[in-house]
Amino acid sequence: MNYKYKKQFRQNLVEWFQNEKRDLPWRKTSDPYKIWVSEVMLQQTRVDTVIPYYNRFLEKYPTLESLAFAPQEELLKMWEGLGYYSRARNLQAGVKEVVEKYNSKVPDNRHDISKLKGVGPYTAGAVLSIAYKKAEHAVDGNVMRVLSRVLHITDDIALPKTRKVFEEAVEMLIDHEQPGDFNQGLMDLGAMICTPTSPKCLLCPVRDYCIAFHEGDADKLPIKTKKTNTKKQHYNVYVAINQNNQYLLEKRPSEGLLADMWQFPMIETKDDINSEEQFSTLYGCKIEKVLENNLLNFKHIFSHLTWEMECSLVKVEQITKEPCNSRFFSKEEIKQIPMPVPMQKILNVLN
DNA sequence: TACGCGTGGTT
DNA sequence: TAACCAAGCGT
């Protein structure tokens, strides 16, 4: 693309963004901390989903320090339902490092900010360009889709090495005067005009410079090969009540799926497994009575696996000491405890 | 590099 | 309805 076209492309894009941009809460601030929080929440997550979480989160944790010293349980409760819970832990670890190592100032260069937990190439570029007006690339799915069409880039965006191609493209095109608006312009264009299916090319401010528009194959780009395969797991879930009307919950391990979140005890059903016996043994309690065998049956679909859940309501008596990662909670106490969506589904039928 | 990691919306 | 998608990152 020659110099004249580049200049017009960025002018049209930035001007379009400044006129048409969405009114979003994180666009009312230039506080690097708040921009950072928004970018982490927005990773693989829709804008409409993030907005209420962002507002609640910053009301609770308005400063780096307030988040750095928050109890993990409370932090996870604030993140409950947003998904990808390691983001919350990584964000807090990163914030702590900024408080301790950088005197509570978010680094303003890619080298340092990229070392923070949970800050990858995209988030680094987004914070640097939006909060600090640095001419840094911030390549996400939107940017790859938009530029694959504008520049007719046919590399497979499912391959990690392809991101570099788009980073170089952004470096070639970026507006050095208003890099934040340029980067966000690419993203808003991707979200509002240059959509995955049925792109609205007739409304596009940069269609004159778009090769795919001229070739008429915008809807064939970007190229993405990867496919998903999801496994199935079947569980018997025990909603166990003791004589004091308290519910047995266990805390999940601190790594892996739904790390550090709480759940009702569940036994994966494989062949030749007596799950009631397993439950009694593992949790040290005796099932006195099965109150309801079909309390709730449902599927919960994760990105990479499906849980098939069969939930029973049982009355139990504590026999031996509880395992250290589980204990009984009253219904009031449960409200303070972070639980993932599949467990929320179960909680909802207990009312 | 490939895969694990949540959830809800869209086609 | 199953598949795919959405402001990615860590390992």
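Chain naming here is simple, since letters A, B, ... match the order of the sequence lines and numbering starts at 1 in each. Small disclaimer: the values here were computed from a predicted structure and weren't measured. Reckoned from all heavy atoms, side chains included, excluding hydrogens, waters and symmetry mates.
Place Lys299(A) and Arg22(A) on DNA chain C by their nearest nucleotides, and Lys299(A) ends up nearer the 5' end. Where Ser114(A) and Thr195(A) each meet DNA chain C at their nearest nucleotide, the meeting point lying more 5' is that of Thr195(A).
Among the protein residues, Asn90(A) comes within range of the sugar-phosphate backbone only, with heavy atoms under 4.0 Å from sugar or phosphate atoms but none that close to a base. In this structure, Val50(A) reaches neither bases nor backbone, as no heavy-atom distance under 4.0 Å exists between it and the strands shown. Nucleic acid contact for Arg252(A): none, since no nucleic acid atom lies under 4.0 Å from a heavy atom of the residue. Here Leu24(A) lies in heavy-atom contact (under 4.0 Å) with a base. If you check every strand for non-hydrogen atoms under 4.0 Å, Trp26(A) touches a base. The residue Gly81(A) sits close only to the backbone: its heavy atoms come under 4.0 Å of sugar-phosphate atoms, none of a base. Leu258(A) comes within contact range of the sugar-phosphate backbone alone, with a heavy-atom separation under 4.0 Å but no base atom that close.
Comment: Glu100(A) does not engage Lys96(A) in a salt bridge, judged by the lack of any side-chain N to carboxylate O separation of less than 4.0 angstrom.
When the side-chain nitrogen and oxygen atoms of Arg163(A) are compared with OP1 and OP2 of dG8(C), none of them lie within a distance under 4.0 Å. OP1 or OP2 of dT7(B) lies within a sub-4.0 Å distance of a side-chain N or O belonging to Tyr85(A). Residue His304(A) places no side-chain N or O under 4.0 Å from the OP1 or OP2 atom of dG4(B).
Counting distance only, with no hydrogens placed and no angle test, the side-chain atoms of Thr49(A) and the base atoms of dG8(B) include no donor-acceptor pair under 3.5 Å. In this model, a side-chain donor or acceptor of Thr45(A) finds a partner on the base of dG6(B) within 3.5 Å.
A 6.0 Å sphere centred on NZ of Lys117(A) holds no more than 12 heavy atoms belonging to other residues, nucleotides or ligands.
Remark: Arg87(A) is not positioned above the aromatic ring of Tyr85(A), lacking an NZ or CZ atom under 6.0 angstrom from the ring centre and at most 45 degrees off the axis. Taking the ring centre of Phe329(A) as origin, the terminal cationic atom of Arg327(A) falls inside the region bounded by 6.0 Å and 45° from the ring axis.
Taking atom CD1 of residue Ile301(A) and atom P of nucleotide dC4(C), one finds them 13 Å apart after rounding to whole Å.
A donor-acceptor contact shorter than 3.5 Å links the side chain of Asn242(A) to the backbone of Gln246(A).
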